[in-house]
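Read through the structure below, which is laid out as structure tokens, and then see the notes.
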Amino acid sequence: MQRAEDAARAALGDVEVTACRVDDELQWPAATVRITNHTATTSSYVVQIVFEDGAGRQVTEGVAAAGSLPPGQDTLEQAQGTADPHGPVSCRIADVVRYAGP
């Protein structure tokens, strides 16, 4: 169990939210996520983002994904929520799954 927890923490360290906003047209929250592969193997990522209103309540969530990211490389990906937060939002990384792949 400890190895799984360590892997989850390490994967979380590969991800950061670089922008969090409400889309002008859709009025849905969106996040830009930088994913950096700090491992020695090509990896794929699935990142769950939670969008919260000004009171800290979850409004919606979204997913950003990157496939076959080479070691040492990074990419910017988007996560899109599907509900109007009726005001500003904050973005929080809820989960990161990283797996080795071709």
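Predicted model only: the values in this text are computed from it and were never measured. In what follows, residues are counted from 1 in the order of the sequence shown.
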Heavy-atom closest contact ([X] atom, [Y] atom, distance):
X     : Y     : value
Gln27 : Pro85 : O-CD, 3.3 Å
Ser44 : Gly67 : OG-CA, 3.4 Å
Gln80 : Ala30 : OE1-CB, 4.0 Å
Pro29 : Ala83 : CD-O, 3.1 Å
Ala10 : Arg98 : CB-NH2, 3.6 Å

Can you tell if the side chain of Thr42 reaches within under 4.5 Å of the side chain of Gln73, non-hydrogen atoms only?
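They are not in side-chain contact.
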If hydrophobic clusters are built from ILVMFWY residues whose side chains come within less than 4.5 Å, do [X] and [Y] share one?
X     : Y     : result
Ile49 : Val22 : no
Val17 : Val97 : no
Phe51 : Val96 : yes
Leu76 : Val47 : no
Val50 : Val15 : no

Separation of [Y] [atom2] from [X] [atom1] (nearest 0.5 Å):
X     : Y     : atom1 : atom2 : value
Asp74 : Asn37 : CG    : CG    : 10.0 Å
Arg34 : Thr75 : CZ    : OG1   : 9.0 Å
Thr39 : Tyr99 : OG1   : OH    : 13.0 Å
Gln58 : Ser90 : CD    : OG    : 10.5 Å
Asp23 : Asp84 : CG    : CG    : 10.5 Å
Thr60 : Trp28 : OG1   : CH2   : 8.5 Å

Judged by atom type as modelled, is there a donor-acceptor pair below 3.5 Å linking the side chain of Ser43 to the main-chain atoms of Ala100?
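No, the answer is negative, given that no donor and acceptor are paired below the 3.5 Å cut-off.
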Do Glu16 side-chain atoms and Ile35 backbone N/O form a donor-acceptor pair below 3.5 Å?
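No; judged by distance alone, with no hydrogens or angles, the pair does not exist.
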Please list, chain by chain and in numerical order, all residues satisfying side chain to side chain contact (heavy atoms under 4.5 Å, CB included) with Ala40, sequence neighbours excluded.
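So Ala40 forms no side chain to side chain contact (heavy atoms under 4.5 Å, CB included) with any residue.
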Quick one: which residue pairs count as a disulfide (SG to SG under 2.5 Å) with a foot in residues 22-53, not counting sequence neighbours?
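For residues 22-53, and leaving out neighbouring residues, there are no disulfide (SG to SG under 2.5 Å) pairs at all.
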Got a sec, which residues hit side chain to side chain donor-acceptor pair (under 3.5 Å) with His38, two or more places apart in sequence or on another chain?
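For His38, the residues satisfying side chain to side chain donor-acceptor pair (under 3.5 Å) (neighbours in sequence not counted) are Asp14.
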